[in-house]
Amino acid sequence: MKHIAIKDCKAHIGEEIALRGWVRNTRSSGKLIFIILRDGTAEIQAIAFKPSLGEEKFAVIKSLTMESSVIVTGIPQEHPKKPDVFELDINEIEIVQVAEEYPITKKEHGVDFLLSNRHLWLRSRKQWAVLRIRHTVYTGIQEYLHKEGFIRFDSPIFTPSACEGTTTLFEVPYFDLGNAYLSQSGQLYLEAGIMSLGRVYDFGPVFRAEKSKTRKHLTEFWMMDAEAAFVEHEENMRIQESLIRYVICKALTENQIELEILERDTGKLAKMDAPFPIITYEEAIEQLQNKGSDIRYGDDFGAREEEMLTEGSAVPVFIEKWPKEIKAFYMKRDPEDDDLVLGSDLISTEGFGEIIGGSQREDDYDILLGRIKAQNLPVEENQWYLDLRKYGSVPHSGFGIGLERTVAWISGVQHIRETIPFPRMIYRIQP
């Protein structure tokens, strides 16, 4: 018997095939039992007809519980009223296991209960949809970067020092060498990579010991950092914009079912395949003040300010040229105003906030050394980073994109904890 994935049933109309999966739920109507069967690729309604199956087989099917695992043999047919929807007429069924009473039912469950049962909650339609979109975003980012000549360059998770202080880093003992830190970003190591490979990126888990309880924060999350030699500030933003537009188009093409399950407004997503406006930090402050905000020049943006800046915009907005005091020491200064840096944040629409931060990097040895000393950072521990400016330094830029925030935005999920299989937050490390 040919075992196929549910998603491939369309290619086997009228053939006898076998499906392997789990029972999402069942309902009966006299001589009929309707089973919603899922296998990870899709769902299908399988129909058991008592006169065709006989008393014994029908009784077996009637005994199935939610999340029981089965192998079903039958013939797929197109739904008589719904185009491109398929059903399976059951001929045979093999029970792999009859599941015990499932703890997650159709009734309303609290968030804490669902998080404590995250290993089971992952099976729900909504979580299935979100995690499939996560996969699309992850692969889309890599596809785009590969197309643009970026090479995968994995940076270490353990770092010997903190480039911007240790207040939000996890400190861990490291054998006889003292303490190390869990990485917040692979950026500095990527800057070494570009001197060998030209354009590089990493993609993996990073850690932030920030005691934040907002819907946009995790202590462990996935970040893609990219760096490119001979790329300056304006081109850096063009790369970021093209990347986001590519990923959105990929999700719209490959995740129609998932976006429908999540009730995402795909019309809004489609409109994002258009140029992203660029405004300066100073212009952003003026806009916010005109809208009634009490923000002042020199302040960073909070969630409300980010939301206000994209109100009425169909596409994300770049905020560029920030005051040097609120940005990292390695960002290159604006040649037209030394108080500003050639950095940008990309603010997404619909209140989902910043999804990308990037900048042109300082490529002058003496200037960078002065900045490190001015911020009381250890010169010796950063000497390797300074060395990159001694041996063939070039203009270069980079950016980082948070996977979970991007997935939340594209899928329309309001809390970032649903965009990663097992969320780690300041109040949760189980399961």
Salt bridge (Lys or Arg N to Asp or Glu O under 4.0 Å) partners of Glu305, counting only residues at least two apart |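 Result, salt bridge (Lys or Arg N to Asp or Glu O under 4.0 Å) vs Glu305: none returned.
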Partner set under salt bridge (Lys or Arg N to Asp or Glu O under 4.0 Å) for Asp366, not counting sequence neighbours =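 Counting only residues at least two positions away or on another chain, Asp366 forms no salt bridge (Lys or Arg N to Asp or Glu O under 4.0 Å).
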According to the ring-ring contact (aromatic ring centres under 6.0 Å, His included) rule, which pairs have a member within residues 220-239, sequence neighbours left out?
->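 Listed once each, the pairs would be none.
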Does the [X] side chain pair with the main chain of [Y], one donor and one acceptor, at a distance under 3.5 Å?
X	Y	value
Arg208	Thr168	no
Glu241	Phe276	yes
Gln289	Ile295	yes
Arg333	Glu362	no

Set of residues satisfying side-chain contact (heavy atoms from CB on, under 4.5 Å) with respect to Thr41, sequence neighbours excluded |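 Residues passing side-chain contact (heavy atoms from CB on, under 4.5 Å) with Thr41: Ala5, Ile6, Lys7, Asp39.
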For Ala284, side-chain contact (heavy atoms from CB on, under 4.5 Å) partners two or more places apart =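 For Ala284, the residues satisfying side-chain contact (heavy atoms from CB on, under 4.5 Å) (neighbours in sequence not counted) are Ile279, Phe301, Leu309, Ile319.
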Any chance you could measure Phe399, atom CZ, to Asn236, atom CG, to the nearest 0.5 Å?
->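 That separation rounds to 6.5 Å.
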Geometric cation-pi criterion Arg125 and Trp128, 6.0 Å radius, 45° cone =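 Because its charged atom misses either the 6.0 Å distance or the 45° angle limit, Arg125 does not stack over Trp128.
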Neighbour count >12 (heavy atoms, 6.0 Å) for atom [atom1], [X]:
X	atom1	result
Lys291	NZ	yes
His146	NE2	no
Ile426	CD1	yes

Non-neighbouring partners of Phe207 that pass ring-ring contact (aromatic ring centres under 6.0 Å, His included), sequence neighbours left out |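 In terms of ring-ring contact (aromatic ring centres under 6.0 Å, His included), with neighbours along the sequence ignored, Phe207 is linked to no residue.
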Within the 6.0 Å centroid threshold, strictly below: Tyr281 and Tyr297 |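 Judged by ring-centre distance (under 6.0 Å), Tyr281 and Tyr297 do meet the cut-off.
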